[in-house]
*Asks:* 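Following this message is one structure expressed as structure tokens.
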Amino acid sequence: MTRCPSQRAQRFAFCATTLLATAAWTDIAIAAPSPHGHRKPLTPKDRQVPAQPASRLEEITVTAERRQADPQKIGTSLSIISARELAARNVNDVFDLQYLTPSLQMTPQFGSGQPDFELRGVGHQDYGSSNVSPVGIYINEVSNPVTWATNGLIFDVSRVEVLRGPQGTLYGRNTTAGAINFVVNQPTDSFHAGADVQFGAFSATKYDGYLSGPVARGVKMRLAGESQQGGAWQYDDQGAHLGNVNRTALRWLTDLRLSDTLKAQIDLHGSIDRSDAAGLHLFSPLTTIAATNPGGPVLPQDHDRDITHWGTSTAFAKLIGVTPDQKPYHHIDTGGANIRLDQSLPFATLTNLASYNVADRHEYDNFDGTSLNVADVAFRSRANVFQNELRLVSRGDHRLNWIAGIYYANEYLADQYFSGFLDSYHVMQGVFYSEKVNTLSGFGQATYRIRSNLSLTGGLRVEHEARDLHNFRAYSFAPDGNVLNPSNAIAKRSLVYTLPSWKVQLQYTPTRDDMLYASVSRGINSGGFTTYNTSNAHAASAPYQPEKLLAYEIGNKLDIPEAHLRLNVAAFYYDYHDQQVLSAVVNAQTGLIGAIVNAPRSHLAGGEFEIDWSPLDGLTLRQSGSWAIGQFDRFNAVYSAEKVGNSYQAVYQNRRGVALPAPKLTFNGSATYRWRMGRYDASLGINYSLRTTYYSLFGPMYNVAGYTLWGLTASIAPRKGWWSFNAFGNNIFDRQYDVTRNFFLSGDNIALAGMPATWGLRFAAKY
């Protein structure tokens with residue numbers, strides 16, 4: 001693999017040179033001809049061109065920088081997914097977003113309810129409940145730091161904004177990879193109502209509805225909800241099915257105009273999820289039992305990706321409170337309230353956003369893909385999060401625009417995690433602990449317009465975090481349920497840090513419709529504790545440190561209204577320090593222990609592009625793509641443990657040059673044609689998503705082969721009518737593929753298959 005430049009000065013010089021070259025090319029391309037036939041730079045007078053014809057491309061205003069703005073004027077790699085596109089593509093949860101935007105990867109860890117979000121290859125592969133994701137998830141501007149509670153329903157959403165790169169100087173929480181903002185529909189000034197009913201493959205149904213409008217003088221409300229049912233597409237060899245969805249969610253927004261300068265919003269929301277879990281299949285024969293029990297059975301691999309198996313032992317079922325034939329399930333309940341106050345001042349808007357959210361998880365997963373008790377797990381988790389963000393944002397568009405704020409969060413997590421290994425290691429295990437996190441930060445960002453077409457942005461954030469692990473116990477249970485090692489516990493572990501993050505950006509607009517930017521930013525992702533099964537609670541719970549990411553980025557955002565064309569490109573180089581990696585440590589008394597550790601140095605490089613083009617009236621073509629490669633620069637990872645005398649010693653492997661896990665190439669595209677058909681408007685569309693092989697840190701066997709998925713969409717509605725009819729098909733060629741491959745125990749190689757071909761019909765009515 002060709003390595004990126006290793007010296008920071010060389011990298012910055014490369015970025016700056018590329019930016020200047022691009023700027024020079026742009027100025028040349030738009031220069032006006034001189035009387036002698038040569039071209040000369042444009043003067044300000046030359047730039048005063050007549051108003052251009054309106055573009056046929058969709059125009060969306062975003063709030064990614066805490067103020068309304070044209071995304072083409074924001075110096076950040078940013079994707080916007082509209083409500084119409086979300087509905088047409090049947091996007092139901094966060095997992096589906098990766099097929100609509102570049103650089104985004106989302107993987108359910110071992111097929112569990114614990115997702116791993118990755119942007120530009122920056123992620124955190126961890127199935128533990130205390131996972132700290134480097135991708136921030138925001139709903140109605142409120143952060144959701146509980147990773148396992150983020151994969152709920154996407155409903156009544158106006159748009160989704162996906163920001164790539166470190167965030168923190170504009171947002172309450174700090175992230176290294178980026179942020180995903182779900183912008184929900186707001187209460188309306190007049191009465192509106194709507195309902196959708198959808199039926200699809202595998203008896204899947206979905207129901208949506210909303211009521212919105214004024215209810216009294218100065219009071220507006222919006223009540224919206226969604227329910228999903230059915231959809232089981234996996235089966236076992238006895239003919240039983242797995243994969244039914246059973247989710248219901250509600251959101252109630254109330255806007256209050258308290259005075260001419262003061263307004264408030266109350267956001268009450270909740271969801272109930274009683275869905276089946278995802279089933280796994282064996283992509284190679286299961287040899288775990290035979291390896292640990294001489295003469296034990298070797299189970300054959302599954303050749304059908306849609307097949308799965310479940311079941312457990314009587315003893316483990318009793319330990320976690322289920323029956324031995326219980327289907328795997330994800331039961332996650334969430335609820336909370338946000339209260340927002342906006343006070344208009346002569347020079348700024350003062351906003352206080354307070355929230356309190358709770359989440360409760362009961363989950364049972366089959367991590368071995370069999371009906372035996374080889375590797376079964378269960379989670380019992382509860383999280384409470386209080387957050388308060390106070391920010392002041394300058395009003396108007398002045399030469400100096402700024403934002404400043406203070407953020408505080410208090411998080412509490414109580415977790416129980418059980419593992420059943422009776423048929424493999426004749427033992428059951430359980431992990432019990434609670435975790436408290438207090439975060440206090442100050443952040444601010446200012447943009448100064450040096451010239452009419454040149455601006456400089458600077459941002460700073462200082463974050464103090466105290467994370468405490470309380471009463472961490474890692475017990476082993478005999479088949480009768482008795483604890484075998486009651487002393488394997490530690491009362492408390494702590495991790496405290498105060499770290500800065502920052503951003504410097506130069507933004508240049510050579511013409512009204514072209515903008516170039518170059519930025520250098522530093523992001524921080526919180527440290528934490530490994531909360532797995534372990535034979536040594538003290539050694540395993542040693543904290544891993546925060547990871548730091550220094551990001552260099554250049555980009556160009558170009559609109560050509562006459563051609564109805566929009567082209568956005570960006571390139572980046574990431575310099576990683578203390579990257580958080582799933583690996584192992586060695587304890588002298590107990591040997592090898594799985595743990596999250598810090599890799600001292602690594603890097604990532606790549607880029608992405610997005611093209612929107614309407615070559616004909618009614619025809620819209622969209623294409624996006626991303627490329628990312630990375631590797632460890634300095635990382636001696638524990639490979640194994642060997643016993644020397646009466647103690648274990650670590651055997652290390654130099655991982656320098658080993659590629660970081662990420663699909664190197666991803667492409668998403670669509671073509672949609674809309675036309676008039678008498679009194680009706682109709683549309684037809686085709687879309688695809690391609691991703692290349694995902695290379696695993698655990699070796700070639702666990703690489704996830706690349707795949708391409710194709711889809712179709714169609715709609716018809718009266719031009720000024722109250723109804724619409726929509727249809728979609730996803731994975732229409734029924735491509736067989738895996739979304740993740742892994743192993744929980746040696747010899748137990750499991751994979752989670754992607755969805756087969758599905759279709760749906762949706763009828764929508766609105767008033």
Side-chain angles (χ1 to χ4, degrees), residues 64 76-79 81 86 91-139 142-154 157 160-168 171-182 278 330 332 334 359 361 383 385 523-528 546-547 549 551 572 574 576 579-582 596 604 606 608 626 628 630 660-663 666 668 689 691 694 696-697 704 739-740 742 752 754:
T76 298
S77 182
L78 168 67
S79 296
I81 307 171
L86 292 170
V91 174
N92 294 313
D93 51 36
V94 178
F95 182 85
D96 297 329
L97 291 178
Q98 63 185 321
Y99 301 122
L100 281 76
T101 183
S103 296
L104 177 62
Q105 176 89 1
M106 188 277 194
T107 305
Q109 293 298 287
F110 291 95
S112 72
Q114 176 71 49
D116 168 45
F117 301 102
E118 295 182 10
L119 274 169
R120 292 177 167 175
V122 179
H124 191 171
Q125 296 181 327
D126 178 23
Y127 61 86
S129 301
S130 59
N131 181 319
V132 183
S133 176
V135 179
I137 306 296
Y138 292 81
I139 302 175
V142 174
S143 171
N144 188 347
V146 182
T147 314
W148 48 264
T150 58
N151 200 21
L153 298 178
I154 297 177
V157 170
V160 179
E161 303 171 356
V162 181
L163 292 84
R164 290 173 281 271
Q167 308 296 321
Y171 290 83
R173 296 192 68 86
N174 207 346
T175 63
T176 49
I180 302 175
N181 298 330
F182 294 91
H330 296 167
I332 300 176
T334 66
R361 172 172 66 159
V385 182
I524 306 295
N525 192 52
S526 299
E547 64 181 17
L549 182 65
F572 65 90
Y574 285 172
Y576 245 133
Q579 181 182 1
Q580 296 163 359
V581 179
L582 180 58
I596 298 172
L604 278 161
E608 60 255 341
S626 66
L660 299 180
T666 62
N668 304 301
S689 180
R691 54 202 57 230
Y694 185 98
S696 172
L697 287 176
V704 180
V739 297
T740 183
N742 216 318
L752 173 65

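Hydrogens, waters and symmetry mates are skipped; everything else that's a heavy atom, side chains included, is used.
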*Asks:* Any idea which heavy atoms bring L549 and P166 closest together, and the distance?
*Replies:* CD2-CG, 4.2 Å
*Asks:* Looking at every non-hydrogen atom in both residues, tell me the closest pair between T107 and V739 and how far apart they are.
*Replies:* CG2-O, 3.9 Å
*Asks:* Which atoms form the tightest heavy-atom contact between A278 and H330, and what is the distance?
*Replies:* N-CE1, 4.2 Å
*Asks:* Has S626 got a side-chain atom pairing as donor or acceptor with S103's backbone, closer than 3.5 angstrom?
*Replies:* yes
*Asks:* Please report the interatomic distance CG(D116) to OG(S133), rounded to the nearest 0.5 Å.
*Replies:* 7.0 Å
*Asks:* Tell me the closest heavy-atom pair linking N131 and P115, and the distance in Å.
*Replies:* ND2-O, 4.5 Å
*Asks:* Just how far is it from atom OG1 of T334 to atom CH2 of W148, taken to the nearest 0.5 Å?
*Replies:* 9.0 Å
*Asks:* Is the shortest side-chain heavy-atom distance between R361 and S129 below 4.5 Å?
*Replies:* yes
*Asks:* Looking only at atom types and distance, does a side-chain atom of N668 sit under 3.5 Å from a main-chain N or O of T101, one as donor and one as acceptor?
*Replies:* yes
*Asks:* Okay, side chain of N525, backbone of V132: is any donor-acceptor separation there less than 3.5 Å?
*Replies:* yes
*Asks:* Once rounded to the nearest 0.5 Å, what's the spacing between atom OG1 of T740 and atom CG of N742?
*Replies:* 5.5 Å
*Asks:* OH/Y574 to CD/Q579 distance, rounded to the nearest 0.5 angstrom?
*Replies:* 12.5 Å
*Asks:* Is it true that Y694 and E118 share a donor-acceptor pair across their side chains at a distance under 3.5 Å?
*Replies:* yes
*Asks:* Under the 3.5 angstrom rule, does the side chain of Q98 hit a backbone N or O of M106 as a donor-acceptor pair?
*Replies:* yes
*Asks:* Quick check for you: to the nearest 0.5 Å, what is the distance between I524 atom CD1 and T176 atom OG1?
*Replies:* 8.5 Å
*Asks:* How close do G168 and N174 get, counting heavy atoms only, and between which atoms?
*Replies:* CA-OD1, 3.8 Å
*Asks:* Should V162 and L119 be marked as a side chain to side chain contact (heavy atoms under 4.5 Å, CB included) after you check the CA-CA gap, both sets of side-chain angles, and the distance that decides it?
*Replies:* CA-CA 9 Å; V162 181; L119 274 169; 4.0 Å; yes
*Asks:* Working to the nearest 0.5 Å, report the span between OG1 of T150 and CZ of F117.
*Replies:* 3.5 Å
*Asks:* Please give me the minimum heavy-atom distance between I81 and L86, naming the atom from each residue.
*Replies:* CG2-CD2, 3.6 Å
*Asks:* Strictly distance-based, threshold 3.5 Å: is any side-chain N or O of Q580 a donor or acceptor partner for the main-chain N or O of S526?
*Replies:* yes
*Asks:* What I'd like to find out is whether the side chain of V91 reaches to under 4.5 Å of the side chain of Y99, using heavy atoms alone.
*Replies:* no
*Asks:* Would you say the side-chain atoms of R120 pair up with the backbone N or O of G178, donor to acceptor, closer than 3.5 Å?
*Replies:* no
*Asks:* Apply side chain to side chain contact (heavy atoms under 4.5 Å, CB included) to Y138 and E161, showing your working.
*Replies:* CA-CA 10 Å; Y138 292 81; E161 303 171 356; over 6 Å; no
